[in-house]
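Worksheet: one structure, shown below.
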Amino acid sequence: MSKLQESTELRDSPDNPAAGAPTGTQTLTRGLAVIQAVAGGARDLKQISQMLGTTRSTTHRLANCLVQERYLRFTPNAGYVLGPKLIELGFQARDEVSLSVVARPYLEQLAEQSGDTIHLALQDDDDVLYLDKIPGKKGLEMRSRVGHRMPIATTGVGKALMLDMGEDEWKTLYQKRSTATGNYASGLLPKRSWTEFRDQMRGYVKGGYAFDLEDNEPSIRCVAAPIYDASHVIVAAISVSSTLPYMPLKRMQTLITVVQAAAAGISSELGANK
């Protein structure tokens with residue numbers, strides 16, 4: 001039996017260990033609360049006890065078990081800090097997370113709310129790679145499909161993926177964009193100048209979203225938002241897309257918070273807590 005398992009037998013009273021016994025679940029909850037307190041900046045037993053509302057002796061027993069099991073680390077100079085076991089578990093959890101699986105319920109909810117086409121995509125070199133797509137209910141066909149790639153700077157999800165990049169990187173990707181691709185060129189809006197594109201991106205950064213205003217496909221508009229991981233790095237993006245008659249600018253503005261809320265939900269599943 002590990003020390004942490006043994007801690008489920010601890011008793012809260014320092015004077016009478018057999019009295020006022022917390023259940024195993026309560027003790028487990030307290031052990032997790034100790035970890036949360038340390039994660040929140042508590043570095044000594046006094047601070048942890050104050051945050052948990054437990055006695056010093058109970059806090060010491062719990063913290064000692066967590067140190068022995070490597071969930072916490074203690075040094076005289078630094079006090080209590082998070083331990084290597086949590087790092088190991090964090091990497092394992094990250095590796096076991098499937099972005100498509102985690103995102104799917106949020107995409108389905110977004111599809112139900114909007115009735116429009118929903119995309120999930122990530123960056124692949126200078127392109128966006130579509131991981132998932134839920135067709136809209138309005139009978140519209142878009143050329144995007146799962147596994148399809150498009151130039152990152154021409155799409156709404158692509159611009160959302162670019163929000164945490166520097167302007168030099170924006171310019172490189174802008175120069176590689178192609179709004180004149182194949183048979184779609186004739187229906188697209190004229191390519192914006194670099195300064196127009198830059199100013200547009202600056203506005204998106206401030207707002208935490210991005211638009212596609214027929215940059216990638218004739219008459220298609222979309223509202224996109226980025227997805228963050230636990231390190232607060234953009235790892236993917238989602239979008240709501242439809243044709244111009246269903247996507248006037250006024251509606252696009254109202255969809256921003258809806259798409260951002262879905263993206264925030266997925267980000268939270270990936271460990272990003274803002």
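When reading the values below, keep in mind they use all heavy atoms of this one structure, side chains included, and skip hydrogens, waters and symmetry mates.
- In this structure, the side chain of Ser49 does not engage the main chain of Lys46 through any donor-acceptor pair within 3.5 Å.
- Partners of Arg104 by side-chain hydrogen bond (donor to acceptor under 3.5 Å, both in side chains), not counting sequence neighbours, listed by chain and number: Glu108, Asp132.
- Considering every non-hydrogen atom in both Gly208 and Ala225, the closest pair reads O-CB, 4.3 Å.
- Cluster membership check: Val101 does not share its hydrophobic cluster with Val146, using side-chain heavy-atom separations under 4.5 Å among Ile, Leu, Val, Met, Phe, Trp and Tyr.
- Across all their heavy atoms, Leu270 and Leu99 have their closest contact at CD1-CD1, 3.9 Å.
- Considering every non-hydrogen atom in both Leu129 and Gly147, the closest pair reads CD1-O, 3.5 Å.
- Side-chain atoms of Thr117 and Ser241 include no donor-acceptor pair closer than 3.5 Å.
- Atom CG in Asp116 sits 6.5 Å away from atom CD1 in Ile118 (nearest 0.5 Å).
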Worked verdict on Phe197 versus Lys159 for side-chain contact (heavy atoms from CB on, under 4.5 Å): CA-CA 10 Å; Phe197 181 83; Lys159 293 171 191 174; 4.1 Å; yes
Verdict with supporting geometry, Ile48 and Arg43, side-chain contact (heavy atoms from CB on, under 4.5 Å): CA-CA 7 Å; Ile48 298 171; Arg43 291 292 174 260; over 6 Å; no
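- Atom CD1 of Ile234 sits about 12.5 Å away from atom CG of Leu122, to the nearest 0.5 Å.
- For the atom pair CZ of Arg61 and OG1 of Thr27, the computed distance is 9.5 Å after rounding to the nearest 0.5 Å.
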Using atom types as modelled, flag every donor-acceptor pair under 3.5 Å from a side chain in residues 80-87 to any protein atom, sequence neighbours excluded.
none

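- Looking only at distances, no side-chain donor or acceptor of Glu69 sits under 3.5 Å from a matching main-chain atom of Leu66.
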Can you check side-chain contact (heavy atoms from CB on, under 4.5 Å) on Arg221 and Thr243, steps first, answer last? CA-CA 6 Å; Arg221 289 181 167 186; Thr243 58; over 6 Å; no
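- Residue pairs that meet the salt bridge (charged side-chain N to carboxylate O under 4.0 Å, His left out) test with at least one member in residues 31-41, sequence neighbours left out, do not exist here.
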Would you give me the side-chain donor-acceptor pairs under 3.5 Å for residues 32-39, sequence neighbours excluded?
none

Could you walk me through whether Gln26 and Thr29 satisfy the side-chain hydrogen bond (donor to acceptor under 3.5 Å, both in side chains) test, starting with their C-alpha distance in whole Å, then the side-chain angles of each, then the deciding distance to 0.1 Å, before giving a yes or no? CA-CA 5 Å; Gln26 287 173 327; Thr29 300; over 6 Å; no
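- Contact record, Ala103 with Leu120: CB-CD2, 3.9 Å, taken as the closest heavy-atom pair.
- A donor-acceptor contact closer than 3.5 angstrom is absent between the side chains of Thr75 and Asn77.
- Here CE of Met150 is found 12.5 Å from CG of Asp215. Values are rounded to the nearest 0.5 Å.
- A distance-only check finds no donor-acceptor pair linking the side chain of Thr58 to the backbone of Thr54 [under 3.5 Å].
- If you check the side chains of Ser98 and Ser100, you find no donor sitting under 3.5 Å from an acceptor.
- Counting non-hydrogen atoms of other residues, nucleotides and ligands closer than 6.0 Å to CD of Glu112 gives a total of 12 or fewer.
- With sequence neighbours left out, Tyr106 forms a ring-ring contact (aromatic ring centres under 6.0 Å, His included) with no residue at all.
- Taken from CZ in Arg251 to CD1 in Ile256, the straight-line distance is 12.5 Å, to the nearest 0.5 Å.
- In this structure a side-chain-to-backbone donor-acceptor pair under 3.5 Å is missing from Asp124 to Asp127.
- Annotation for Ala210 and Ala160: closest pair CB-N, 3.6 Å, computed over non-hydrogen atoms.
- Atom-to-atom distance recorded for Thr254:OG1 and Leu249:CG is 11.0 Å, nearest 0.5 angstrom.
- The closest donor-acceptor contact from the side chain of Trp170 to the backbone of Met162 lies under 3.5 Å.
- Remark: side-chain polar atoms of Thr59 are paired, donor with acceptor, to backbone N or O of Thr55 under 3.5 angstrom.
- Hydrophobic clustering (ILVMFWY, side-chain heavy atoms < 4.5 Å, transitive): Tyr228 and Val233 are in distinct clusters.
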With side-chain contact (heavy atoms from CB on, under 4.5 Å) as the test, would you mind laying out the steps for Met165 and Gln123 before giving the verdict? CA-CA 12 Å; Met165 298 179 184; Gln123 182 177 0; 3.3 Å; yes
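- The two residues Leu45 and Ala63 have their closest heavy-atom pair at CD2-CB, 4.3 Å.
- For residues 233-267, no residue pair satisfies the ring pair (Phe, Tyr, Trp, His ring centres under 6.0 Å) rule, not counting sequence neighbours.
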